[in-house]
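Shown next, in structure tokens, is the structure this report addresses.
Side chains are part of it too, since the values below use all heavy atoms of this structure and drop only hydrogens, waters and symmetry mates.
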Amino acid sequence: MNPSPKQYYDTHIAFYDTRIAVLRRRGRLFITGEIAFFAIAIGFVALYTVSTTGLSPLAAALLSVVAYVVVRRMDERNDGRRERLEALREVCVRERDYLDGTFRAFDDGRRYADARHPFAFDIDVFGPQSLYHRICRTVTTGGSDRLATMLSAPQLDTIDAQADAIAELATQTDWRKEYCAEGVAAKVDTAAVVRALHGVASVKVGRWVLSPLTLVLALVALGAFLATIVLAATTSMPSSVAVVGGIAVLAAVLGLCHATLMEASRAAGKLQEQIGTFVRVVAHIASLQPTSDMLRQLRDEVAGAVAAFHEAGQIVKALDRRGNVLGLIIFDMFLLNDFFLLRRFARWQKGFALSMDRWTEAVSSTDALVSMATYAYNTPQGVRAEVADCGGVCYEARGLRHPFLGARAVGNDFYIADRHYYIVTGANMAGKSTFLRSIGINWLLAVCGMPVAADGLRLSRFTLFTSMRTTDDLSRGISYFNAELLRLEQLIDYCDGHPHTLIILDEILKGTNSVDKLDGSRMFLEYIAQRDVTGIIATHDLELSRIADDEPQRFANWCFEIELGTDVTYSYKITPGVARNQNATFLLKQKLKGKEKGF
């Protein structure tokens, strides 16, 4: 039997605690050894200055220095292993805290919140305690952006492929843990990596560098110069001819290559500054052995990047070696080093420049999928939704719950048919708004390929528009009622461009009087019902439910009923019909009685 997520994290935290403690003790021993060998080396040097025993103290000092260097290297490797284990431990600690309801370590995505979005603002996709806050484990800023896009604009044609990828990654627990450890210290700035990659790609290298004719001419020139050296050494040819030839070769190589190589060196240096963690992330993705099509595609996309970055590292090292002036002169004169280095850079640039954007996109997409897969792993009670290609709007839920409520959630069965409308009534705090958000957020989880909070969910490929949290905007002179009208206008425009849309409305036209609200709400529902739209509308206005009496083939009444006695009893279960009991007056009376007793 597989351990629960919490058991997995607790077990690995304990394991890492033990290993880290061992490495710390070992580190203290290494430091003691370094100090001891350094002191011994100094002591032997001092002994040599006052001793008449010959060179033996110096030999002992040299051995002590060698021992110091060896211990120092071992200490550095030990520190590296400890830091890696500490990062892995931190990943497990954060996930355990998440399961306990603490998300402080994760990005809440508030920068992506947009009150005008078709649904994200209303169903808590971004911001503190949001769905994004619960999901995001990205190690790159590009992955964060990609995750936000996937949650705010899900691709309905890739639901199954994405669900397969998420399900497969969810089983790769150790792989994901190693992956997420790369982002513990800080996220990779994808924009900076892209700028650095483009900087390298934008270095202008003349076409002549890779020309076969140029290569032939270079080899001929080098051969001629080497021939003059041989002739000067074996015949009466003046050595000045060889000197002049060498100077000519050096001048030609430096004149043609130096400026471009300096520009390449600057660009490559910036690249090296940015891509340390990024390269490790790419290599980790390339190590996957996936079976799902989407993951295989992403893995194959970055596979070439590993070799490309390795070659880039070798080129950077070669560029750095040009800082040795004497070596530069000798190697350029006798081996045309700068010419062949420039050819190597040009081949790298030509072979990989066009792939750079694809690499970063693939890394960002994989990064987002890892976050979703971690959410899936942490939600073993969730189920995979069944996507039906039946056309129109179809939503069949059993035991539907809000994923944020955990064990407190009450499940509801509900069926939504295409182009039908459901009027939901009920008292305050009876569960209407939570139910509407449950429908919306589980739709989003389903179309993103993540497990849903339900006993079962079958749905078609449709779009969603909600109006549940309309607010005024005094800075722009927009009143609450005007904001509602603008939101309804946005809804109509959206539905015109998106056939098969489910709309979820919580109290239409709250910003006006009850009579005007009823007339306006009924008029709006009759208008929108003429379109290819399906809807759920929550209301406190019981009169609006009468529309189902006039058009029972399209409209149906559902409610969240309460029981009034000495207190209010909430079932949070949705049932057919219109709510009979309201609690506003009852609760207000209780509050006022409490105040009277306080006097």
Decide whether Arg322 and His258 meet the rule of one side-chain donor and one side-chain acceptor closer than 3.5 Å.
yes

Quick check: closest heavy atoms across Ile166 and Gly449, and the distance to 0.1 Å?
CD1-O, 3.7 Å

Please verify the inter-ring angle class for Tyr377 with Tyr9; under 30° counts as parallel, over 60° as perpendicular, anything in between as tilted.
perpendicular

Modelled atom types, side-chain donor and acceptor of Gln129 and Asp124, under 3.5 Å:
no

Worked verdict on Glu182 versus Arg84 for salt bridge (Lys or Arg N to Asp or Glu O under 4.0 Å):
CA-CA 9 Å; Glu182 297 294 350; Arg84 182 64 180 173; 3.3 Å; yes

Could you check whether Tyr112 and Asp145, counting side-chain N and O atoms only, form a donor-acceptor pair closer than 3.5 Å?
yes

For the residue pair Val71 and Gly33, what are the closest heavy atoms and their distance?
CG1-C, 4.4 Å

Taking the six-membered ring of Phe126, is NZ or CZ of Arg111 closer than 6.0 Å to its centre and within 45° of its axis?
no

When you look at NE2 of His198, are more than 12 heavy atoms from neighbouring residues, nucleotides or ligands closer to it than 6.0 Å?
yes

Using the six-membered ring wherever Trp is involved, compare the ring planes of His117 and Phe119 and label them parallel, tilted or perpendicular (cut-offs 30° and 60°).
perpendicular

Is the centre of the Phe225 ring less than 6.0 Å from the centre of the Phe334 ring?
yes

Please determine if Arg137 forms a cation-pi arrangement with Tyr98, meaning its NZ or CZ atom is less than 6.0 Å from the six-membered ring centre and no more than 45° off the ring axis.
yes

Would Asp320 and Lys317 pass as an ion pair if we require N to O under 4.0 Å?
no

